[in-house]
Chemist: 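Supplied in structure tokens, the structure appears directly below.
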Amino acid sequence: MPNVDFKISSIIVLPGRVGLFYGNKTASQFQSFVTSVHLPGDLSTKLSVDTKPVTSVVEGGAQVQQLVNVACLAEFGENPIMDIRFRLV
């Protein structure tokens, strides 16, 4: 199963940067590894999210990092939704 850890860097200047760490604790590869962030409703007018690309293959026992820049544009109550998809080979 995948393991996802979050690390938030010091936010002094906007946008803030969030480091997402994806770990493959299996002996098999994750192929076609893709992540996406969805902003439901009018959340896209209140939150700016810019995800950097991540490798499409995560080797068994490996960890990869994805950086995400986030800026709050207005107060919001809905949550962003993150999808993680891959094939276990």
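Computed from a predicted structure; not experimentally measured.
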Chemist: Distance check, rounded to the nearest 0.5 Å: Leu67 atom CG versus Arg17 atom CZ?
Modeler: 5.0 Å

Chemist: Within the 4.5 Å heavy-atom criterion, are Val58 and Tyr22 side-chain neighbours or not?
Modeler: no

Chemist: Any sub-3.5 Å donor-acceptor pair from Asn24's side-chain atoms to Ser28's backbone N or O?
Modeler: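 Judged by distance alone, yes, a pair lies under 3.5 Å.
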
Chemist: Do the non-hydrogen side-chain atoms of Phe86 and Val34 ever get within less than 4.5 Å of each other?
Modeler: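 Side chain of Phe86 against side chain of Val34, heavy atoms only: no contact under 4.5 Å found.
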
Chemist: Work out which heavy atom in Ile81 is nearest to a heavy atom in Pro40; give both atom names and the distance.
Modeler: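 Residues Ile81 and Pro40, closest heavy atoms: CD1-CG, 4.2 Å.
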
Chemist: Rounded to the nearest 0.5 Å, how far apart are CG of Asp83 and OG1 of Thr35?
Modeler: 9.0 Å

Chemist: State, yes or no, whether a side-chain contact exists between Glu78 and Leu39 at a heavy-atom distance under 4.5 Å.
Modeler: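 No, every pair of side-chain atoms sits at 4.5 Å or beyond.
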
Chemist: For residues Val68 and Ile84: do they belong to one hydrophobic cluster (side chain heavy atoms under 4.5 Å, members Ile, Leu, Val, Met, Phe, Trp, Tyr)?
Modeler: yes

Chemist: Measuring from atom NE2 of His38 to atom CG of Leu43, what distance do you get when rounded to the nearest 0.5 angstrom?
Modeler: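 Rounded to the nearest 0.5 Å, the NE2-CG separation comes out at 12.5 Å.
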
Chemist: Where do Lys52 and Gln66 come nearest, in terms of heavy atoms and distance?
Modeler: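 In this case the closest contact between Lys52 and Gln66 is O-NE2, 2.8 Å.
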
Chemist: Would you say Val37 and Val18 are hydrophobically clustered, going by side-chain heavy atoms of ILVMFWY under 4.5 Å?
Modeler: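 Same cluster: Val37 reaches Val18 through Ile, Leu, Val, Met, Phe, Trp or Tyr contacts under 4.5 Å.
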
Chemist: Nearest 0.5 Å, please: how far is CD in Glu59 from OG1 in Thr26?
Modeler: 10.0 Å

Chemist: Mind checking whether Leu73 and Thr45 have side chains closer than 4.5 Å, heavy atoms only?
Modeler: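 A side-chain contact under 4.5 Å is absent here.
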
